[in-house]
Amino acid sequence: MASKETCRTELRAAVRHLSERGLSSAAKWAAEQLMGIEQDPSKHTPSHTRFQRGSSSIRRRFRTATPAEASGTPSAGVSYVMTPSLVVAEEYDYDLMDSDFYLLAKSYFDCREYRRAAHVLRDQTSKKAMFLRFYALYLAGEKRREEEMIELEGPLGKSDSANRELLSLERELSTLRKNGTIDPFGLYVYGLVLKEKGSENLARSVFVESVNSYPWNWSAWSELQTLCTTIEALNSLNLNNHWMKDFFLASAYQELRMHNESLAKYEYLQGTFIFSNCIQAQIAKAQYNLREFEQVEVIFEELLRNDPYRIEDMDMYSNVLYAKECFSALSYLAHRVFLTDKYRPESCCIIGNYYSLKGQHEKSVMYFRRALKLNKNYLSAWTLMGHEYVEMKNTSAAVDAYRRAVDINPCDYRAWYGLGQAYEMMGMPYYALHYFKKSVFLQPNDSRLWIAMAQCYETEQLHMLEEAIKCYKQAANCNDREAIALHQLAKLHSELGRTEEAAFYYKKDLERMEAEEREGPNMVEALMFLAQHCKTHKKFNEAEVYCTRLLDYTGPEKETAKSLLRGIRYARDVEHFPP
Amino acid sequence: MTAVPKPPSSFAVTPHKLSICILVQVYAPPSQISIPFPFSSVSQHNCLGIFLISLTKECGGIFEPTLDELITQLKEIDGLLNHWLSDHLMGRLSSLASPDDLFNLFTDLRGILGGSDSNVMDDDQIMLDPNSIIGMFVRRCLLTFNQMSFEGICHLLTSIGAYCKDSFSGYQPYELPHLDESTSYSNVPSEYENMEMENFYEKSGEDFEERKMEIGRTPFYGHASKTFSEFSDDSGISPSHRLEHIDKNAEAKSCLLSSSDMSRDIGSVSGTFLHTNWQVQGYLSEQADVIEKYGSSFPLDAFESILKKLQQLAPELHRVHYLRYLNNLYHDDYPGALENLHRYFDYSAGTEGVECVPPPSGCSSFGRYEIALLCLGMMQFHLGHPKEALEVLTEAVRVSQQYSDDTCLAYTLAAISNLLSEVGISKTSGIIGSSYSPVAGMGTSLSVQQQLYVLLRRSLKRAESLKLKRLVASIHLEIAKYDITHVQRPLLSFGPKASMKLRTYPANIYKELWLSSRLINDFGDESSVLTADGAFCTKWLKSLKKPLDSLIFSQENESRRNSSSFQFSAQPSSIPGSVVQLLGSSYLVRASSWEMYGSAPLARINALTFATCFADSSSLSDAALAYSKLIQHLAVYKGYQDAFAALRIAEAKFACVSKSRIMLLKLQLLHECALHRGHLKLAQQFSDELGVLASSVTGVDMELKTETSLRHARTLLAANQYSQAAAVAHTLFCTCYKFNMQVKNATVLLLLAEIHKRSGNAVLGIPYALASLSYCQSFNLDLLKASATLVLAELWLSLGPNHAKKALALLHSCFPMLLGHGGLELRSRALIMEAKCYLADPDFSVSDNPEMVLEPLTQASEELQLLEYHELASEAFYLLAIVHDKLRRFDDREEAASSFRKHITAFENPEGMDDSLFTAVGAAETADLGPAWPTAGAAETADLGLAWPKTTEEHHGRPARPTASRECEHRRSAATLSHQISSPPGSNSDFLGPPQVTSSPTAKHAIHSGVNVHGSIYASADGIYESCNVVLAC
C-alpha cells in the first residue's frame, strides 16, 4: 500500500486532471477519497479534526479488526508498482496554458452545450482538447438518445435508440489508438463507445489499458467492473498493482456476490482512507448483503451525520429501517431526501418503502413507478414493486415486475425468490421450484431461500419429503436464524418414521433453543418426542430428564409427562426386578 | 394486468404507409373521369386497388418493405404505364423536404375521401368510401398524423429521407455519409390495432381452445408426429398456403429469410419499421407454424437473430419469447427453451398473443398460468423427461381446476393421457403415487394402462361437453391408438380370480377412427379470417415478385396468370391446417393398425392415402413416417433392391429432419438385409446403432428399445448362440411384461419358440409357439398368428416324420393368410415348409406327384433370390436338387445344385459378397455415424459378442460354426428324405392339395375382412371426401 502522503498527492493531482477534462463524477470520487485520508492535523482547524475524531469513535465500536491488522495482512507479498507516480502524474497537465479555444469549449461543456463545445474544438490537436471534443460528442449523442427514447416510445415498449455519435467516434478513436497517439482519457471514451456498441472484449482491454496508464479515473474502473460479470473474467484482467486496484477489486467482489472478500478489501482500504464516506457506504452494503442489519444501521447513522445531504445508497438504509420497522426513522429519512432532491430514484424508493411499511401499497407502487420512470433499469425498485404487488395480491403484476428485475440483472436472487413466492402463492409449487432453484443457485448460503424451497417441496400437492429434507439440511448448514430448518427436519424425519434421525434433530433443536433461551411450542414438541423416544429405547434416565422438564409446562403435556414418568418407573422396576 | 400499463394504442405513420397514401391518391384522384388519368383500362385500375389492399394487409415479414422492394412490386403492376407509378411515387417522396410538405400532403389526402353520408354516390366521381379497407387505412393515417407532435413529424421527415436515400444510393449500412441525417434509428410504429382485432377476437374465441389443445398435443405423437400439430393462432394459415413450402426445406428456409430480409437488416437498424401489430402477430404465428412443421430443420440461428431484432424494436412484444421457446425446443436446447418459456409466461401471464376470451368467472387478474404448466409439461415430455412432465401436468390439472379453466383442464388431461400412452411406465407409485394423482379418485390399484383408459374417457367426456371439436377428434384418435396396442381389462378386478381375459377389439378402433374423422368434417367456419387474409395478401404480393419468364405476355394475360395462380395456391381454406393434420394422422393410425392386424394391402393403401393427400399439410416427421411405412412394405414384399432405391429418395427428401424415422428405417432395413445375407457382424452393428438412437431414460422410447433387443436376439439366433439369444429374449419378455406391452410379447414368445426350434429342442419350443398363438388370437394379430402356426408346424415336423401330416394340416390352416398377406420371407418359408412336409411324409411319393413339391420349392427359391436370403435359398435349392435327382431330371438338378452352391458360398463368406448395397446406402451413413462399415479384419477385432466361442460347442453338443451346423442340418434332412424316398409310396388320400392363394379365408378371417372392407370403405370414403376438401381448398 502506498503511503497516505503519496495517495494524497496523487489524488490531488487527479482531481485537477479529471475536472479539467469534464469527468466530473470521477473527480467527485477522487475528491471524496482525498478527504477520506486522515488529515494532517497541523494543517487543519481544530473543529474539523474534532468532527473526525467524534465520528470515528462510533465506528470503532463495530470495528472487527484493528486498522493496523487490516492494512497489514493483504499487502504482504504484494509489491505495488509506483509507475504513475507523481512525476508521471504531472505529465497529464500537458500544456500548462490552455488554449483559448479550450477555455471556451470547456465553459460551453460546463453549461451542457456539448455540440457547441465540440464544434469549437473541431480543429484543435492537443490531446486534452481532442479528448474534450470526443467526450462532448459522446455526451451529446447520449443526450439526444435519451430524448429520442421518450419521443419514440411506442406501445410495444421503449425502443432501443442508439447513440448516433458512436460510429464516427469509434472510427476516429480507433485510428488514434492505432497511431499510438491516444492518452488514457481518450482510451476511456473509446472504451465507452465500444461498450455501447457491444464489442465487450475490446472494450475491456481498452479500459484496462486506460486504467493501467492512468489509474485515478474511477469512472474507467467502474465501467471495467460492469464488464466483469464472472470471476473468471475478473481474474483474467491484466492489471498493474496500484492502490486503486484495491478499490476496483472490492467493488467487483461485491458485484460478484463475494461479500466477505469485498468486506475484507474495504476494511483494508479503510486503513488508509479512514474517513472515506464512500468506503463506509460500501462496507454498509456488504454488511447489508450479509444481513448484518445492526451494523448497517450504525454505519448509516454515522454517514448521515457526516454527510447529511447524501442520497446515494440511502435506499439501502431505508431497506434496513423497513426491515427493522422503524417508522419514524424511515419517515425522517424520507423527508430529508425529499427535501434534498425529490427527483432521484433513490428518494422515490425510500418514500415507496415508507408507504409500504405503512401498508399503503398503492401509493408505494406509485413511488416505485416514479423511481422507474427516472431510471428504468433501477433494479431494486422493480423487485420492491414486485413485493408490493404480492402484498396487494396482484400476482401477475408481481410476476411481471420481478421478471423485469431478473432480465435487467439475472443475478438478482431476491427477484428470483420473489417469482418463486408469487407462483407458490398461486398454488403452483412445482412451477415455483424452478425459480427457487435459480435463487438458491445464486445465493447458496442464504437459509431463507433453502427454507422456501423446502416448504415448496413439502406442500401437500408435491409432498416430496426427501427433497424437502435435503433443502432443510442445506438451510440448517447455513446459519438459519429462525431455526426453522432444524425443527422441520426433526418433524419430517419423525413423519417418515426415522426416529433416530428425528431424535438427533430434536436434540439439536433443543440445544439451540436452550442456547438462545427461547421457549415455545417447538420446545414442548421436542421434549415430548425426546421423552417418548428415550423411553422406547430404554434410556430411562434421559427420558426422565425430559419428562421433568415437561412438567414445567401447563396443559395436556404436563399430564402426558406425568404418565410417561409413571411408565418409566414401572418399566425400570420390571427391568431391575424381573418377575 | 402487467406492472407497467401500456400506453394507448396508436397507429404510426411510416414512410411505407406514406407511400401507400401517395398511391391511394393516384388510385382515387378527386376527378370526374371513370378511369382516371394514368390508367388505360378498368382492369389496370383494379389491379392497383388489389395491390393497395394487399399492401395494407400483408404479413410476410415483421419489417415493412423498403422503397426498393415496393418499387419492384409496383413495376410488376404498372408495366404498361411505363413505370409512371413508380416514378410518380419517387418524385412525390423526394419532394417532401419540409414539415410543411407533409402537412399539405395529408390535407390533399383528406380530399379523396368521400363524405360520411356518401349514400348518394355520383357514378362519375371516384370517391374513396371511408369505410372501405383503403378508406379506413387513409383515415387512420390522417388521424395519426393529426395527433403527431412536432417531434414526431421531424422524425417522420428524417425517416422518409433515409427511406428514399436507401433506395437511391443502394443499401450500404456502414457507409452512411451523413450520420446526422439518418435519424431514423428504430422507429417503432407497431401497435395494437384494436379496430380490426375485435373482429378477430370474436372469430377466434372458440378457436383458441382448439388451438390450445394443439399445444397440448404437440409433442405427444412421439416419433409418429412430434411436429404434427401447430400451435395457437395459426388456425388461419390455410393448408394450401403450406402447399407452397412442402417438399423442400430449402424453400422454407429461403422463404423465411427472404420474407424478413435478414441479410439486409442485420447490423443496422436504420430504416427498419415494424409492420402493424397484428401483422407482426400474424407473421409470428406463421413462423410458429413453420417451426412446428419442420422441427429441427428450421434454421435456428437465422430465426433467432430475427427475433432478437424484433425484441430490440418492440421490447413489449412478449410473443417473441414464445417463438424463441419453440425454436429452442425443436432444436433440443433445453435450457434455452426453459428460460424462454418461463420468460414468456412471466411477462404475459399467458394472455398475450393468444387472443382469449376472458374466463366466465370474470376475474382475470390471475392470468393463465395453467397454460404455462401445460406447455412446460409438454416441453419436458418432448425432451424426454416423463417424470418431470407428469409432475408438471399434474400441477396443471390442479391449477386449472382451482381456477376453473375447463378447457385447459381438458387439454391437460389429453396431454397426460398422451404421456401415459407414449411412455411405458412400469409402476405408478414412483410417479403418480408420489404426489396427488389426477386419477386418485379411482383408487390406487389401477395399472397405468387402466389409468390411461380412465383418463382418456374422462377427457373425452370433458371435451365433448365443452364442444372442443378438435380435442374430441384427437382424443378419439388417441383412444384408437390405445386400443391398438393395449389390452382392455375390466377396470376393477379383485384378486387373481378376476377375469383376466386379454383381448383387443379392432372394431372399436375403427369406430374411434371413424368418429375422429367424422368430427373433423364438421369444420368449416373455424378459421380466423384476418390472419388468413394477411397470408393471402402476402402470397399475392409474393407471386408478383416471381420472376416472369418474359414480358411477351400482354398485361391482361399476366394479370390473369397472377390471379389464377393465387386462386390456386393461396385461397384461404375453410379447414384449418391443424384439422387436416389431424385427419392425416388418422390415416397413419389406420395404416399402423392394419400393419398390426396383418393386412399388408390395407396398411399400404392407408399410408399411400396419407402420402398423397396429407403429406403436404402435415409435419415432416409425419410424412417421413408414412414414407417409411411404404418403404418397409417394399422391402418385405419386393426385396431390398427396390426398398433401398426408395430409401435413397426418401433420404434426400427428409435429409433435413434429424433423428428421423428415415434414419431408423435405414438401420432396420440394413439390419434385416445383413441378417439375410449372413453378414452377422454387420447385423449386430446395425442393431447396436439402432439401440443408440433410443433415449437412455427409463421408460422412454420403449418401442425402439424393445425392437433393438428383439433384433439383437435375432442376430444371436442367426449366429447360433442359442443360450444368449434365449437370455435376451427372456429379458425382453420380462421388460414387456413390466411395461405392460402384451401385444409385443406375442412376438417375443414366437421368437423364443423359434430359438428352441433352431436349437433342436422342439419339445420346448412348442409351448412357446402355442402361447404366442393364443396371444395372437386374442389380440387379433392375424399375420403373426399365421407365422406362429408356421413355426408350430416346423416344430412338429422336427419332432420326426410321423408328425408331418399334423404339421401339414397346421400349415394349410394358415396358408391363405401367409400367402395372401405375408412378405417374401414368410411366404417362401411356408412354401419350403410345405414341400418339406410332403417330403417327410412317409405316405407321399415324389415320383407320383412331383409338382406338389416342385412348385412350392421353385416359387420359394425365386422369392428368396429376390430377398437375397441365402440361407433359406440354399435350403430351397438343395431340396429342389434332391427332388430333381430323384426324378432323374439331371439338367434341372445340376442347375439347382449350382444355385445351391452359389447361395451357400455367399452365405458362408458374407464378406466376399458385393457390398454395393451397403456401401451405397452407407455412403450417406458415414457422415452421421462416423466410420462406415468395418472391414472384415476390423470386424474380427470388434468384439460384438458374436465370436464363436468354443464353449458353445460343449454347451449345445453341436458344432458351433454356423456353416457346420447348416451342413449337419442338411445332412439330416437328406437322411429323412432318403428314408422317405426309399419307403414305399403310399396313398395321399388325405392330402388336400395346395390351397390357392386366393382361396377363401378362415371363418375368423372372414369376419375380419368384413371389418376390413367396412373399414376400407370408410377409409376410402373419408379419404375421398377429405381429399375433395383439400382440392376444393386449393
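In the text below, chain A, chain B and the rest are named by the order of the sequence lines, each starting its count at 1.
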Proximity breakdown for B:Ala372 and chain A, heavy-atom pairs closer than 4.5 Å = both

query = For A:Tyr402, is it the side chain, the backbone, both, or neither that has a heavy atom closer than 4.5 Å to a heavy atom of chain B?
reply = neither

key: Exercise: do A:His361 and A:Tyr389 side chains pair donor with acceptor under 3.5 Å   = no

message = Please determine whether a side-chain nitrogen of the Lys or Arg among A:Arg177 and A:Glu172 lies less than 4.0 Å from a carboxylate oxygen of the Asp or Glu.
response = no

message = Under a 3.5 Å cutoff, is there a donor and acceptor pairing between the side chains of A:Arg403 and B:Tyr347?
response = no

inquiry  = Less than 4.0 angstrom from a charged side-chain N to a carboxylate O is my criterion; do A:Glu466 and A:Lys470 meet it?
reply    = no

query = So which part of A:Leu465 gets closer than 4.5 Å to some heavy atom of chain B, the side chain, the backbone, both or neither?
reply = neither

